Protein chains: 2
Amino acid sequence: MVSAMRNPSPGHDTTTGATHGRTGRPRSAAADTAILAATRDALVDLGWSKLTMSDVSARAGVAKTTLYRRWAGKNELVVDAVAELFDALELPDRGSLEADIEYVVLQFADLLRRPEARTALMAVVAESTRDEALRDRIRSAIVDRQKRLVVLGRERAQARGELPYEEDEVLTGRTTDLIFDVIAGTVVHRALVSSEPVDECWVATFTALLMHGLLGPPQA
Amino acid sequence: MVSAMRNPSPGHDTTTGATHGRTGRPRSAAADTAILAATRDALVDLGWSKLTMSDVSARAGVAKTTLYRRWAGKNELVVDAVAELFDALELPDRGSLEADIEYVVLQFADLLRRPEARTALMAVVAESTRDEALRDRIRSAIVDRQKRLVVLGRERAQARGELPYEEDEVLTGRTTDLIFDVIAGTVVHRALVSSEPVDECWVATFTALLMHGLLGPPQA
DNA sequence: CTCTTACGCTACGACCCGTAGCGTAACTCC
DNA sequence: GGAGTTACGCTACGGGTCGTAGCGTAAGAG
């Protein structure tokens with residue numbers, strides 16, 4: 001749950017348990033999860049453009065007005081629905097930086113094979129080019145949250161001695177951003193724009209390129 | 001013009017000059033250019049989701065039915081409209097591989113600053129996740145055509161002695177694809193997903209990473 | 001001058017949008 | 001308990017887009 005409804009919901013979550021400080025009937029938490037699940041189902045069946053609020057409300061067993069009471073529109077709804085998918089990504093220690101990278105790339109590729117993730121991610125980004133608020137929402141709900149993987153992988157590599165420690169915080173942040181964009185961007189482009197398979201062979205080649213890029217300067 | 005109308009248009013183009021072998025009144029070439037230009041204008045003003053066929057026809061001074069006679073729908077129309085933008089990319093010889101890369105990255109970033117390119121590219125890719133024909137169209141109209149830049153830059157670098165010659169054709173093709181996805185994907189992700197500026201500072205860092213990635217193996 | 005095709009225009013049923021209004025349900029505070 | 005407050009389901013609505021059909025006219029080819 002990313003909590004960015006148009007209505008109150010001041011604190012963090014909107015469950016039945018959390019009274020959110022107010023009086024009156026609380027929002028149904030079950031409805032939230034049902035709606036988001038219904039949204040993903042609809043994305044699988046219909047794709048982005050043919051997905052309609054009416055259809056989602058029917059699938060979720062909820063009145064259409066309830067959707068509009070919680071989300072401003074299709075865009076916001078879908079961002080929240082997809083953000084949950086990305087949270088499933090993780091990075092177990094595979095023993096080396098190279099293995100860690102290959103693992104996360106393959107995992108990300110698996111995610112992008114899911115039709116609801118493919119169509120929704122691109123569509124929402126497309127809409128965000130004309131909507132500042134939506135851009136911020138994507139950044140906080142997806143981008144910033146997944147950067148944790150890069151940070152974690154890097155720290156591990158430094159602990160292993162594979163990468164040097166960097167003292168400058170600003171530089172560290174920039175490098176993290178760069179690596180994130182390179183990995184996520186390349187995989188997305190390969191899978192969705194070029195429409196080529198992200199198989200182990202390709203991943204190995206890509207990872208090799210990236211490894212050399214990361215280790216290049218000091219060894220030269 | 002990418003020529004993939006739903007109707008005849010057998011050969012290549014649909015200009016007044018090219019009789020396209022048939023008798024009868026030929027399609028107006030002026031209408032084609034007017035429609036595609038109107039589509040880009042509408043993308044600037046309205047973005048993808050609010051762009052409507054009716055609006056485009058009005059802007060182009062053309063009947064709505066004429067649009068549907070030439071394009072199957074919004075998706076196909078927009079692909080053709082945007083493909084023309086990408087053809088403006090070029091790669092003058094900047095003297096070194098590094099400079100060539102930086103130049104093309106900055107040029108691509110400029111293109112992605114144009115609102116019609118931003119919104120349309122992502123939206124069309126989103127739709128293509130559920131439409132095989134559209135995927136093929138994107139590949140032939142945009143992806144394959146822009147790979148020429150990678151091929152050209154690589155040949156130049158080889159002529160300069162910056163990169164080794166590769167004999168295996170299959171491997172050459174794979175490397176070309178990889179570099180293309182890395183460059184285009186990373187820039188798109190940085191600009192549109194992460195919503196961070198693609199300035200000269202960032203480009204220099206990215207190019208350095210890529211250079212080390214390309215030169216890594218042999219120098220190690 | 002005839003044949004063939006493209007064009008512009010109008011009209012159409014179908015669908016979705018986003019909102020308003022109402023009565024009811026659920027929960028808090030007194 | 002009741003009063004107050006908020007969420008919910010339902011219905012109905014005007015406004016807009018969709019994609020197509022039908023018709024008369026315009027523009028080249030032979």
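All values reported here derive from a predicted model rather than from experimental measurement.
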Report the distance from atom CD1 of B/Ile35 to atom P of C/dA6, rounded to the nearest whole Å. 13 Å

Ignoring hydrogens and angles, answer whether the base of C/dA6 and the side-chain atoms of B/Arg27 contain a donor-acceptor pair closer than 3.5 Å. no

Among C/dC27, C/dG21, C/dC9, the nucleotide that comes nearest once only the side chain of A/Pro26 is considered: C/dC27

The answer to which of B/Gly24 and B/Gly73 contacts DNA chain D further toward the 5' end, by nearest nucleotide, is B/Gly73

Closer than 4.0 Å, any side-chain N/O of B/Thr66 to the OP1 or OP2 of C/dG8? yes

Give the nucleotide from the list D/dT6, D/dG19, C/dG8 with an atom nearest to the side chain of B/Val62. C/dG8

For B/Leu46 and D/dT17, give me the distance from atom CG to atom C1', rounded to whole Å. 13 Å

Measure the shortest side-chain to side-chain distance between B/Leu89 and B/Gln146 over non-hydrogen atoms and say whether it is less than 4.5 angstrom. yes

Test log, rule salt bridge (Lys or Arg N to Asp or Glu O under 4.0 Å), inputs B/Asp177 and B/Lys147: CA-CA 8 Å; B/Asp177 291 350; B/Lys147 275 186 186 162; 2.9 Å; yes

note: B/Leu67, atom CG; D/dC18, atom P; distance rounded to Å ~ 10 Å

Once you round it to whole Å, what is the distance between P of C/dA6 and CG of B/Asp32? 12 Å

I want to verify a distance call: between C/dC17, C/dT4, C/dA20, whose nearest atom is closest to the B/Thr23 side chain? C/dT4

Return the value, rounded to whole Å, for the distance between atom CG of B/Asp55 and atom P of D/dG15. 20 Å

Of the nucleotides C/dA6, C/dG18, D/dC10, which one has an atom closest to the side chain of B/Arg25? C/dA6

Write down the distance between OH (B/Tyr68) and P (D/dT17), rounded to a whole number of angstrom. 11 Å

Pairwise side-chain contact, B/Phe180 with B/Val143, heavy-atom cut-off 4.5 Å (strictly under): yes

Given the structure, check if the side chain of A/Thr52 and the base of C/dC17 hold any donor-acceptor pair shorter than 3.5 Å. no

Residue B/Ser54, side-chain atoms from C-beta onward, closest of C/dT4, D/dC18, C/dA26: D/dC18

Would you mind reading off the distance between A/Met53 atom CE and D/dC10 atom C1', rounded to a whole angstrom? 17 Å

Atom CG of B/Leu77 and atom P of D/dC18: how far apart are they, to the nearest Å? 11 Å

Could you check which of D/dT11, C/dT5, C/dC9 has an atom nearest any side-chain atom of A/Thr65? D/dT11

Flag side-chain contact, heavy atom, 4.5 Å: A/Thr129 against B/Trp48: no

Record whether the side chain of A/Arg69 comes under 3.5 Å of the base of D/dG9 through a donor-acceptor pair of N or O atoms. yes

Any donor-acceptor pair under 3.5 Å joining the side chain of B/Lys64 to the base of C/dG8? no

List the residues meeting side-chain hydrogen bond (donor to acceptor under 3.5 Å, both in side chains) with B/Thr66, not counting sequence neighbours, and say none if there are none. none

